[in-house]
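Computation of the quantities below employed the complete heavy-atom set of this structure, encompassing side-chain atoms and omitting hydrogens, waters and symmetry-equivalent molecules. Atoms within each ligand, like the ligands themselves, are counted from 1 in listed order.
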Amino acid sequence: MIENFNPNLREKAKEYWSDFLYIYKTLYPNSSENDLLTLIETINASYLERKDSLKEIDSIREKQKNWHLDQKWIATMFYVDLYAGNIKSIEDHLSYLKELGINYVHLMPLLEPREGQADGGYAVKDFRKVNPKLGNNQELMDLIEKMHQEDQIVAIDFVMNHTAKEHKWAQSVLKGEEAYSNFYYTYSEKSIPDQFEKTLPEVFPDFAPGNFTFQPEIDKWVWTTFNEYQWDLNYSQPIVFNAMLSEMLFLANLGVDVLRLDAVPFLWKKMGTNCQNQEEAVMLLVAYKYLIHLVAPGVLFKSEAIVAPNDIIRYLGSGGYEGKACEIGYNATLMNHLWHAIACENTHLLRTTLSNLPPIPATSTWINYIRCHDDIGWGISDQNAADVGQNGHETRLFCSAFYTGNWINSFAQGYSFQIDKTNGESRISGSTAALIGIQKSLIENKTEDIFNAVARFKLLHGILFFMKGIPLVYAGDEIGTLNNFEYLKDEEKRKDNRWLHRPKMDWEKAALRLNAGTIEHTLFNVVSNLSMRRKKLITLHGLSEEKIIILKNDAVFCVGKSYKNQDILLLANFSREIQLIDKQNLPVIWQGETYRENINENDYCFPGEVIVMPPYGIYWLTVTTGSPLGNKTYRLKMDVQTIPGESIYFIENSLTLPTGKKPRQISCYWKEGDGWEVNLEQKQGTWMSYNWVKMYGNQKIAVSKDYFFLPE
Ligand code: GLC
């Protein structure tokens with residue numbers, strides 16, 4: 001067989017062919033030699049079509065195998081029309097993306113969709129043609145070239161599970177053409193779909209119930225997992241595998257760097273199962289990966305598998321296909337567990353779930369995100385919930401209630417998406433700003449709530465930018481885009497409330513990022529600062545060793561990372577209360593006194609037994625040898641009311657003091673207009689805690705709660 005490859009490909013083919021054949025033959029025991037020859041022809045033709053400039057990139061990437069693991073990559077995703085109008089106009093926004101530090105752009109579905117409803121472009125009519133409303137193939141290639149010159153990379157969707165009903169293959173089926181009869185799953189007898197349905201869940205029960213659609217033209221039932229106009233491809237047929245390889249290579253040859261493989265859990269069906277996450281679905285990706293190595297080795301696969309934690313990681317090659325499946329995958333587990341943790345101000349489940357997961361192969365990585373264009377599903381497994389003493393179902397119900405604002409203390413303003421009538425569980429739609437409390441606090445105009453909401457935004461993004469993976473900022477989040485109800489006016493979108501968080505990019509709002517004091521300015525700077533800091537920290541490289549550390553404090557999430565003999569520690573306080581971290585619960589290397597906090601580039605000193613964390617505080621700490629900062633005198637105001645005859649004392653307390661050190665006690669003075677104050681000498685960056693004590697003569701009247709002070 002090898003001799004049928006283009007001579008330039010033969011060496012490489014030798015490397016991959018037998019492994020590929022093993023999988024191909026397992027998937028397609030009845031495939032013929034002809035099937036394989038067609039495949040090789042496709043590979044040869046695609047190789048010849050691939051531009052030299054792309055081949056150059058391929059060879060650079062082959063030499064730097066782990067190029068995608070560099071901590072420099074920061075991602076975003078957007079719909080071309082909603083963000084820029086069309087492909088050409090994206091160029092106008094490249095400098096904006098640079099300002100944010102973004103260099104990995106996922107251009108959402110941009111191939112020709114069907115007319116009318118098209119599931120946001122995920123119903124593709126022609127895989128080889130850019131949607132004429134957005135531009136053309138040449139414009140896309142030009143944009144990618146331009147972006148490559150700026151060291152930016154591009155991902156596009158490869159909607160591989162289904163085509164639109166209007167795709168020429170589906171149309172051929174409707175015309176009864178024999179050659180296409182096996183491209184999709186079609187059944188004359190309803191009994192077979194009925195049998196499948198017994199174990200199939202529904203993806204869109206509200207607006208697309210069931211998994212099959214009757215087609216009167218052919219008097220058959222067609223498999224349609226998603227909407228009735230999205231026909232599932234029949235990957236049990238080698239002809240479909242071959243045809244889709246050809247489409248995939250065509251897209252790779254446009255110059256894209258990453259193919260986002262849509263809805264991969266659904267690729268293989270098996271009677272009696274839920275037809276998700278079958279072993280064969282993973283094998284399909286591995287088979288394609290072998291072949292893409294031959295033609296476009298610089299192109300990465302990103303899996304879109306929003307399923308249970310242990311299933312998600314299989315698409316990254318865990319459990320048998322290390323380094324052989326997708327290089328990147330959506331980290332839905334981190335995403336939904338972060339939302340859970342911030343709602344209940346408790347990280348026990350987050351920490352437990354992440355710790356329970358087998359590691360992903362070192363060469364694979366995540367896309368870490370908190371929002372994307374889709375709904376949020378509560379992928380919290382019953383087992384993980386049980387491990388922290390919770391009931392999975394109740395925990396998922398809590399999440400939905402909290403994020404629709406139906407829970408005491410909820411800051412969220414989201415909406416239910418697709419309620420499961422059998423158990424009442426539902427997914428959630430809504431923008432980041434709406435879910436994290438920015439929207440509510442702005443509407444209610446409560447300064448302290450806005451402050452907390454921004455702190456939560458910073459906290460969650462600070463985690464995304466720290467953990468193994470490529471952080472992704474959903475376009476518009478950086479300026480606090482709110483829920484948008486325009487979609488209700490559009491007949492084609494009205495029933496799908498995911499459009500709440502898919503509005504047109506508001507460039508006027510984006511311009512406010514330049515005005516200090518605006519929410520846009522604040523959020524934009526949170527993101528651009530995190531990008532800048534991350535890029536400088538080698539310890540955040542994808543190959544860095546990552547370890548979740550268990551503190552005796554469930555409010556705080558703690559992760560240590562080490563790479564090339566350097567270490568960094570994440571501490572993230574998910575609660576609205578100050579938290580004290582007992583240093584003894586940290587690994588020895590972290591039990592120092594002086595630290596650098598790398599998000600804000602502050603030097604901190606915690607001379608006592610504890611590290612102090614402000615409400616929703618986040619630190620990326622490295623240990624330093626002594627603080628470079630000196631003493632200063634500070635004026636501290638005491639927050640207390642008195643009546644004549646009463647006096648106030650400042651009492652340093654032992655919380656932040658090293659054992660044995662005597663706390664200071666100082667009498668405060670009254671300053672007209674300002675109240676009680678004390679002058680205090682303190683080392684900059686050194687946390688201190690204190691109380692005030694109210695005296696009447698020699699009598700102690702009241703003692704305050706613990707206050708904390710960080711001298712800047
Ligand atoms: C993916 C997309 C989603 C779409 C579905 C069907 O999950 O992200 O938006 O509805 O696939 O194509």
(request) Using a strict 4.0 Å cut-off to heavy atoms of His373, name the atoms of ligand 1 that fall inside it. (result) 2 (C), 3 (C), 8 (O), 9 (O)

(request) On the 0 to 90° scale, with breaks at 30° and 60°, tag the Tyr180-Phe183 ring pair as parallel, tilted or perpendicular. (result) tilted

(request) Output the list of atoms in ligand 1 that are nearer than 4.0 Å to some heavy atom of His162, sorted by atom number. (result) 6 (C), 12 (O)

(message) Checking a contact table here: which protein heavy atom is nearest atom 7 (O) of ligand 1, and how many Å away?
(response) Glu304 OE2, 2.8 Å

(request) Work out whether the distance between some heavy atom of Met108 and some atom of ligand 1 is less than 4.0 Å. (result) no

(request) Compute whether any side-chain donor of one residue and acceptor of the other, for Ser89 and Asn86, lie under 3.5 angstrom apart. (result) yes

(request) Identify, by atom number and element, the atoms of ligand 1 in contact range of Arg498, meaning under 4.0 Å from any of its heavy atoms. (result) 3 (C), 9 (O), 10 (O)

(request) Decide whether Asn227 and Tyr229 meet the rule of one side-chain donor and one side-chain acceptor closer than 3.5 Å. (result) yes

(request) Heavy atoms only: give me the nearest Phe457-Glu478 pair and the separation to one decimal. (result) CZ-CA, 4.5 Å

(request) With heavy atoms under 4.0 Å as the rule, classify the contact between Phe204 and ligand 1 as side chain, backbone, both or neither. (result) side chain

(message) Quiz question: by atom type and distance under 3.5 Å, do the side chains of Thr273 and Gln278 form a donor-acceptor pair?
(response) yes

(message) Check Glu486 with Lys489, please: is the shortest side-chain N to carboxylate O separation under 4.0 Å?
(response) yes

(request) Quick one: look up the protein heavy atom nearest atom 1 (C) of ligand 1 and list residue, atom name and how far away it is. (result) Asp262 OD1, 2.8 Å

(request) Tell me which protein heavy atom sits closest to atom 6 (C) of ligand 1, plus the residue, atom name and distance to 0.1 Å. (result) Asp119 OD2, 3.3 Å

(request) Specify the protein heavy atom at minimum distance from atom 9 (O) of ligand 1: its residue, its atom name, and the distance to 0.1 Å. (result) Asp374 OD1, 2.7 Å

(message) Please determine whether a side-chain nitrogen of the Lys or Arg among Asp206 and Lys421 lies less than 4.0 Å from a carboxylate oxygen of the Asp or Glu.
(response) yes

